[in-house]
Amino acid sequence: GVLDETVRRPLKSPAGDRLVTLYNTRAAAPQFQALSYPDYTALCDGLEPRLALAAFVRVFHALDAGGRVTRLQGELVSGNYFSVLGARPARGRLIAPADDANGAPPVMVISYGLWRDGFGSAPDIAGHTMRVDRREYTVVGVAAPEFQSPSYSSQFWIPLARAQHAFGGLDVLHRAEAVVHEEDRRE
């Protein structure tokens with residue numbers, strides 16, 4: 001706990017003190033393995049109503065950001081990821097559950113820094129098409145400047161449902177981590 005508080009950056013989130021990251025452990029493998037996607041969905045099915053569970057997995061992709069192709073770190077995220085973290089957009093909207101459904105159009109959210117540095121803070125960024133490793137995604141929004149992912153410094157977010165689209169059939173969903181948020185009942 002002391003190492004975690006002193007070395008890791010504190011999460012700037014309205015729900016920060018109520019968030020935990022879940023990992024899997026097995027006797028035959030190292031500790032702190034990420035949950036598989038089937039484990040994540042099984043946990044979601046058994047959650048109490050006051051809890052929410054979101055999933056994320058780190059990815060690295062080449063993005064064409066304003067005519068300049070750059071390899072950036074991002075995340076594939078569940079449709080409720082931003083709501084579980086209590087995030088708000090700076091522009092447009094954030095990824096929602098409907099974006100994470102099979103057959104949903106390919107959308108993404110970009111970081112405030114990428115919007116500022118790669119697109120000159122263009123006010124019309126929502127609706128802009130961006131190429132991610134030769135695949136096109138529509139930018140639906142920009143994360144607020146203070147938004148911080150729980151584990152990674154990310155420049156973009158794509159719904160988990162796009163995993164096979166984003167990786168040409170690779171099954172990266174079995175490396176997804178999960179974040180649990182206990183909703184505040186003191187309304």
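Starting from 1, each residue takes its place in the sequence as its number. Since the structure is predicted, the reported quantities are computational estimates derived from the model, not experimental observations. All heavy atoms count here, side chains included; hydrogens, waters and symmetry mates do not.
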K.L.:
Under the criterion salt bridge (Lys or Arg N to Asp or Glu O under 4.0 Å), I'd like the reasoning laid out for E75 against R58: C-alpha separation, chi angles, the key distance, then a yes or no.
P.N.:
CA-CA 5 Å; E75 294 175 72; R58 178 174 46 177; over 6 Å; no
K.L.:
Do you know which of I158, V109, I110, V107 makes side chain to side chain contact (heavy atoms under 4.5 Å, CB included) with Y137?
P.N.:
I158
K.L.:
CE of M108 to CZ of R162: how many Å apart, nearest 0.5 Å?
P.N.:
12.0 Å
K.L.:
Return the orientation label for the F82 and W157 ring planes: parallel under 30°, perpendicular over 60°, tilted otherwise.
P.N.:
perpendicular
K.L.:
Locate the shortest heavy-atom distance separating A143 from A90; write the atom from each residue and the value.
P.N.:
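A143 and A90 have their closest heavy atoms at O-CB, 3.7 Å.
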K.L.:
So, for L85 and P150, which heavy atoms are closest and what is the spacing to 0.1 Å?
P.N.:
CD1-CD, 3.8 Å
K.L.:
Are R93 and D99 close enough for a salt bridge, meaning some N to O gap below 4.0 Å?
P.N.:
yes
K.L.:
So, using side-chain hydrogen bond (donor to acceptor under 3.5 Å, both in side chains) as the criterion, who are the partners of D100 when residues are at least two apart?
P.N.:
none
K.L.:
Which value, rounded to the nearest 0.5 Å, describes the distance between H61 atom NE2 and M130 atom CE?
P.N.:
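Answer for the NE2-CE pair, H61 versus M130, is 13.0 Å.
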K.L.:
Looking at side-chain heavy atoms only, is the closest gap between T70 and L63 below 4.5 Å?
P.N.:
no
K.L.:
Tell me if a side-chain donor or acceptor on N80 pairs with a main-chain N or O of L53 at a distance below 3.5 Å.
P.N.:
yes
K.L.:
Just do the side-chain contact (heavy atoms from CB on, under 4.5 Å) check on V77 and I95 with the steps written out, would you?
P.N.:
CA-CA 8 Å; V77 299; I95 291 170; 3.9 Å; yes
K.L.:
Would you say the side-chain atoms of Q155 pair up with the backbone N or O of L72, donor to acceptor, closer than 3.5 Å?
P.N.:
no
K.L.:
With a 4.5 Å limit on heavy-atom distance, are the side chains of Y81 and P97 in contact?
P.N.:
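Y81 does not reach P97 side chain to side chain.
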K.L.:
Going by heavy atoms in the side chains, are F56 and S154 under 4.5 Å from each other?
P.N.:
no
K.L.:
What are the two closest heavy atoms between G92 and A126, and how far apart are they?
P.N.:
CA-CB, 4.3 Å
K.L.:
Considering only residues two or more places apart or on different chains, which pairs with a residue in residues 104-118 satisfy side-chain hydrogen bond (donor to acceptor under 3.5 Å, both in side chains)?
P.N.:
none
K.L.:
Of all heavy-atom pairs between V69 and A62, which one has the smallest distance, and what is that distance?
P.N.:
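Shortest heavy-atom separation between V69 and A62 comes out as CG1-CB, 4.0 Å.
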K.L.:
Are any non-hydrogen side-chain atoms of R91 and P123 less than 4.5 angstrom apart?
P.N.:
yes
K.L.:
Report yes if the side chains of R71 and D133 come closer than 4.5 Å at any heavy-atom pair, otherwise no.
P.N.:
no
